[in-house]
Structures are given as structure tokens and as C-alpha cells.
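Taking it in order: structure first as C-alpha cells, then the write-up.
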Amino acid sequence: MANLVLFGAPGAGKGTQAELMNAWLPVPRVSSGDLFRYNLSNNTALGQTAKAYMDKGELVPDDVTVAMVAERLQRADCDAGVILDGFPRTVAQAEALDRLLGEMGRRLDAVLFIQVARQTLLQRLAGRWTCPSCGAVYHEVFNPERNKGLCDVDGAKLFQREDDTPETQARRIDVYQEQTAPLEAYYRTRGLLIEIDGEQDIEGVQAQIKTAVQAL
Ligand code: ADP
Ligand code: ADP
């Protein structure tokens, strides 16, 4: 059983690291951003609500986000634990998560805080390419695909997210500073925060995460 949060600014590498953790930690990754994008592509009411916020780089309201993640956590595959990616992003969401896990007789084991400087975040977001079918994430310089423009896993044509424009990227990092960064203190106080040097290359970051989780 492992209930973990991957915490860090947009572009820190949360999704990339969560994907690699699959190889040694058999618990599902739950990404609130991916859940919103799934709802968007299926044109659900939830997707419609979220779109206006996502397009501007703002956070979707807490009640909507918490209800969506709660529903996902209650599915059977999360019984063995979960790696949360992109959630919680506000103190209210963190409190809701504590409540939700408590109701399930569980608690968070650790919050892995992937620390990356703003300049690096912008470089990473600017070169990010995503597979529309499997969600694999590439970077045109730091983690390029083998065949230009095509996913290594399933060959689908890679795309750049609509909210990865320079304006939205900068806004998302500001929103992180204003609304999400206070979670650092929230989790440090509770003794759950583990700091990871996110400036290292992808394998270097993964090695730190593996060592930290195995020591729990
Ligand atoms: P990134 O990988 O760049 O950090 P995400 O895929 O996590 O971006 O999120 C994309 C967008 O989805 C956010 O800008 C926000 O609008 C919305 N979103 C994702 N997770 C949350 C959350 N926990 N609370 C509120 N909004 C969220
Ligand atoms: P997040 O989920 O935190 O928003 P991503 O996992 O989507 O971040 O990574 C953002 C971009 O940076 C992607 O293009 C990814 O390939 C690249 N990336 C992730 N981790 C690293 C790293 N340690 N070094 C260089 N590039 C990275």
C-alpha cells in the first residue's frame, strides 16, 4: 500500500516521473489534469466547466476538482494505493484529500516535492509534446521521441497542448506560486514532505524518488 503525492510546479516533471514509477510500484497514477482532458475530449458537462479555466491557466474550482478525484479514488484499482499527480493544488484540496483517505481508512505516506527553477520550468513546458492516445510525454530537446512527431509507444501523432502557449505557461506558474506553493508548508508541518532535486535529468530524478519511496 502506497498513497503518494507528486508535488511541483507545472513542467516540474510530475507526469514523466509518475509514468516511470509504474515499472517498480504497482499502483495507478491519478492525474487531475488527465482526468479533465479526458472529460474535455468526451465533451462531458464536467469537461465544459473545466475548459474555461484550463484555457486561461487558472485552477478549476475546488468543489468540481475534489468531486472528480474522489470518484476516481473510490474505484477498485486504487485499493492498493495511488500516485496523485497534479492534485492537490490548494490547501482546501489537501484538506479534502485527508478527509477522503481518512474515510477509506488510509492516510498519505509521503509528498514528493520536485523542485525546479522557473527558467527550467519554462524551457520544459515550451518543448513538451504529448501523445493524444496514451498520454506519453516527450520533450523536443531533453526527451525526444525516436521517430520525429510520432509516439514511441503507439505511433500516434504527437501534439502540443492548447494550454502550452507562452502566456498560459507563465500564468500557470504564477497560479502555482499563489495558490499551490502554500502546500509546501502544509505538508512540511505534517512531516510528509520529501524534497527531490528536479533539476537533474529524468533518470536522476527517478533514482531519487525510488530511493525515497523505498525508504518509507
Ligand atoms: P501541468 O502538467 O502543466 O502542471 P496539468 O495537466 O496538471 O498541467 O493541469 C492542466 C490544467 O488543468 C490546469 O492548468 C488547471 O486548469 C486544471 N487542473 C489540473 N489539476 C487541477 C487541480 N488539482 N485543481 C484545479 N485545477 C486543476
Ligand atoms: P508536469 O507533469 O510536472 O507538468 P511533465 O512530466 O509533463 O511535467 O514534464 C514537462 C516537460 O519536461 C516534458 O516535455 C518532459 O519530457 C520534460 N521533462 C520532465 N522531466 C525532465 C527532466 N528531469 N529533465 C529534462 N526534461 C524533463
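These figures come from a predicted structure and were not determined experimentally. Just follow the structure's listing: the first ligand is 1, and inside any ligand the first atom is 1.
- Between the side chains of Trp129 and Glu140, at least one donor N or O lies within less than 3.5 Å of an accepting N or O.
- Near Phe142, with a cut-off below 4.0 Å to any heavy atom, the atoms of ligand 2 are 25 (C), 26 (N).
- Between Phe7 and Tyr176, the ring planes are tilted. Angles from 30° to 60° get that label.
- Between Thr90 and Asp62, the side chains place a donor N or O and an acceptor N or O closer than 3.5 Å (distance only, hydrogens not considered).
- The shortest N or O to N or O distance between Tyr138 and ligand 2 is under 3.5 Å.
- At least one heavy atom of Gln200 sits closer than 4.0 Å to an atom of ligand 2.
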How far apart are the C-alpha atoms of Lys14 and Glu19, what are their side-chain angles, what is the distance that settles it, and do they pass the salt bridge (Lys or Arg N to Asp or Glu O under 4.0 Å) test? CA-CA 9 Å; Lys14 302 179 297 294; Glu19 201 53 46; over 6 Å; no
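- Residue contacts with ligand 2 for Asp201 involve N, CA, C or O but no side-chain atom from C-beta outward (heavy atoms, distance under 4.0 Å).
- Across all non-hydrogen atoms, the minimal contact from Ile114 to Gly198 is CG2-CA, 3.7 Å.
- A side-chain donor-acceptor contact under 3.5 Å links Glu199 and Thr120.
- In summary, the side chains of Asp163 and Tyr53 do not present any donor paired with an acceptor at a separation below 3.5 Å, with no hydrogens or angles considered.
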Steps toward salt bridge (Lys or Arg N to Asp or Glu O under 4.0 Å) verdict (Asp174, Arg118): CA-CA 10 Å; Asp174 291 343; Arg118 184 182 179 99; 3.1 Å; yes
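- If you look at ligand 1, the protein residues with a non-hydrogen atom under 4.0 Å away are Pro10, Lys14, Ser32, Gly33, Phe36, Arg37, Met54, Glu58, Leu59, Val60, Thr65, Gly86, Phe87, Arg89, Gln93, Arg128, Arg161, Asp163, Arg172.
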